[in-house]
Amino acid sequence: MEKALDVLVIGGNRYVGKRLITRLLAGGHRVTVLNRGSSPPPAGVEHLRADRDDERSLTDALGSRVFDVVVDQVCYTPRQAAIARRVFTGRTRRYVMTSTVEVYEYEDSPAPVREEAVDPSTVTVDLGLPWDDAAYLEAHYGEGKRQAEAVLAAGPEFASTVVRVAHVLGGDDDFTGRLAHYAERIRTGEPIAVPAVNRPATYVYVEEIARFLAWAAGEDFTGPVNAASGGVLSTEELCAAVTAHVPGGRAEFRAVEVGEVSPFSFRRSYGMDNTRATRLGFAFGDARQWLPRAVAETLGKGD
């Protein structure tokens with residue numbers, strides 16, 4: 001990014017979003033945050049309060065503001081994407097949507113999956129599904145993201161990219177509880193449920209994905225891009241890193257054919273190929289290099 005940009009971040013009040021805002025500010029950019037106001041933004045950031053699901057609320061909050069780029073951290077459904085297309089037409093030249101590796105949930109490939117495996121232009125959009133139902137949305141997270149991607153891809157109103165984020169690790173503010181799940185079982189000796197055939201997956205360090213999003217905001221590429229550190233990690237490798245912080249702990253695994261398994265255990269193989277990001281000019285690190293640090297941070301033992 002060679003010049004200061006006017007950037008709107010939708011969401012941004014925790015975890016990756018907080019780090020993204022910090023990086024944008026450090027880069028000299030003018031940052032506005034739009035959310036429902038659940039927590040105050042950092043100093044130096046303009047704060048707009050609105051419900052992004054309410055088109056009138058969103059339009060009123062924006063007023064006459066225009067932006068060089070919008071980074072949407074909280075677009076989960078095609079309805080939200082459709083509202084964004086209408087509201088931000090004429091207000092921005094570029095739209096960056098944070099998507100997810102879960103758009104590949106139906107893939108099962110021994111080779112890392114490339115972006116073309118899910119082409120947004122071929123995804124069917126159904127705005128009539130119960131996207132406002134929290135339980136439905138949770139059960140159809142990947143589908144919601146796929147359809148949101150499709151809505152943005154269909155519109156010529158502004159250039160857009162969707163960043164398909166790998167499973168994020170690191171930070172003392174990781175709110176997911178997934179590594180804590182493992183730490184508790186390792187501490188107590190309770191078995192960790194994994195699939196009978198347990199596939200590895202791709203991951204990204206929380207600081208690295210914030211850096212990628214800040215970089216992507218100033219670029220001009222469009223379409224999907226995979227954002228993942230190099231290499232794949234297995235459940236066993238994650239648990240070994242956790243065990244190092246649980247004195248006397250031991251990871252005991254229990255293979256299950258059907259039923260619920262532990263976080264970061266996968267019956268399908270759909271690790272992401274990050275070649276496109278590399279060709280565009282961004283260098284991801286290797287997951288095994290940052291894993292010990294990420295686990296230490298999340299378990300409260302960071303430096």
Side-chain angles (χ1 to χ4, degrees), residues 10-17 20 35-36 38 51-53 71-85 95-109 113 115 117-120 122-154 160-169 171 174-181 193-195 198-204 206 209 212-213 224-228 233 235 238 258-272:
I10 304 177
N13 61 340
R14 63 178 181 174
Y15 205 38
V16 175
L20 166 62
N35 54 39
R36 289 179 294 184
S38 57
D51 180 352
R52 63 99 30 87
D53 293 317
V71 183
D72 192 343
Q73 290 284 89
V74 290
C75 186
Y76 301 110
T77 75
R79 289 182 190 170
Q80 292 174 330
I83 290 173
R85 263 185 59 184
Y95 204 93
V96 179
M97 173 190 150
T98 301
S99 189
T100 174
V101 62
E102 296 304 327
V103 301
Y104 300 121
E105 63 184 324
Y106 299 122
E107 300 298 316
D108 191 356
S109 170
V113 178
E115 289 85 355
V118 176
D119 179 353
T122 67
V123 172
T124 300
V125 173
D126 187 348
L127 297 175
L129 292 172
W131 296 115
D132 295 330
D133 181 88
Y136 181 87
L137 182 56
E138 181 178 1
H140 297 83
Y141 176 68
E143 183 60 25
K145 286 288 193 179
R146 274 191 297 276
Q147 292 195 27
E149 289 187 9
V151 169
L152 290 179
S160 66
T161 185
V162 291
V163 179
R164 293 171 175 169
V165 181
H167 306 289
V168 182
L169 293 175
D174 179 354
F175 60 90
T176 66
R178 292 175 294 194
L179 289 184
H181 167 96
V194 296
N198 189 19
R199 306 294 188 185
T202 41
Y203 295 83
V204 67
V206 64
I209 189 56
F212 182 84
L213 289 167
V225 60
N226 290 337
L233 298 172
T235 311
L238 290 174
V258 295
E260 187 175 353
V261 295
S262 64
F264 302 139
S265 299
F266 305 99
R267 292 184 169 89
R268 295 184 183 89
S269 180
Y270 52 103
M272 293 195 297

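Of the charged side-chain nitrogens involved, at least one lies within less than 4.0 Å of a carboxylate oxygen, so that Glu143 and Arg146 count as a salt-bridged pair.
Without hydrogens or angle criteria, Arg178 side chain to Phe264 main chain gives no donor-acceptor distance under 3.5 Å. At distances below 3.5 Å, at least one donor-acceptor pair connects side-chain atoms of Glu115 with backbone N or O atoms of Asn226. Within the 3.5 Å criterion, the main-chain N or O of Ser109 finds a donor-acceptor partner in the side chain of Ser269.
Counting only heavy atoms from C-beta outward, the side chains of Ser262 and His181 approach each other to under 4.5 Å. Side chains of Val123 and Glu149 form no contact here, defined as non-hydrogen atoms less than 4.5 Å apart. With a 4.5 Å cut-off on side-chain heavy atoms, Leu238 and Leu169 count as touching. Residues Leu233 and Pro200 form no side-chain contact, since every pair of their non-hydrogen atoms from C-beta on lies 4.5 Å or further apart. Contact annotation: the side chain of Tyr15 approaches that of Val168 to within less than 4.5 Å [non-hydrogen atoms, C-beta and beyond].
A salt bridge (Lys or Arg N to Asp or Glu O under 4.0 Å) check over residues 123-140, counting only residues at least two apart or in different chains, returns the pairs Arg79-Asp132.
Distance CG/Leu213 to CG/Leu20: 5.5 Å, rounded to 0.5 Å. Distance check, rounded to the nearest 0.5 Å: CD of Gln80 to OH of Tyr76 gives 8.0 Å. Here the OH-OH distance, from Tyr270 to Tyr106, works out to 10.5 Å after rounding to the nearest 0.5 Å. A distance of 10.5 Å separates OG1 of Thr77 from CG of Leu129, quoted to the nearest 0.5 Å.
Arg199 meets the salt bridge (charged side-chain N to carboxylate O under 4.0 Å, His left out) test with no other residue; sequence neighbours excluded. Partners of Arg267 under the side chain to side chain contact (heavy atoms under 4.5 Å, CB included) rule, at least two apart in sequence or in another chain, are Pro195, Val256, Val261.
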Side chain to side chain contact (heavy atoms under 4.5 Å, CB included) between Ile10 and Tyr95, worked out: CA-CA 11 Å; Ile10 304 177; Tyr95 204 93; 3.7 Å; yes
Worked verdict on Val225 versus Phe212 for side chain to side chain contact (heavy atoms under 4.5 Å, CB included): CA-CA 11 Å; Val225 60; Phe212 182 84; 4.0 Å; yes
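When every heavy atom of Ala227 is checked against every heavy atom of Met272, the shortest pair comes out as O-CE, 3.7 Å. Taking each heavy atom of Pro78 and Val125 in turn, the nearest pair found is CB-CG1, 3.9 Å. The minimum heavy-atom distance between Ala117 and Glu107, with the atom names listed, is O-OE2, 3.8 Å. Shortest non-hydrogen contact noted between Gly142 and Glu105 is CA-OE2, 3.5 Å. Across all non-hydrogen atoms, the minimal contact from Thr202 to Ala166 is O-CB, 3.6 Å. A pairwise comparison of heavy atoms in Ala153 and Pro120 identifies CB-CB, 3.8 Å as the closest pair.
Under the salt bridge (charged side-chain N to carboxylate O under 4.0 Å, His left out) test applied with Asp72, the options Arg52, Lys145, Arg85 reduce to a single match, Arg52.
Under a cut-off of 6.0 angstrom, the local environment of CZ in Arg36 is sparse, with at most 12 non-hydrogen atoms contributed by other residues, nucleotides or ligands.
Aromatic ring pairs are classed by plane angle as parallel below 30°, tilted from 30° to 60° and perpendicular above 60°; the pair Tyr203 and His167 is tilted.
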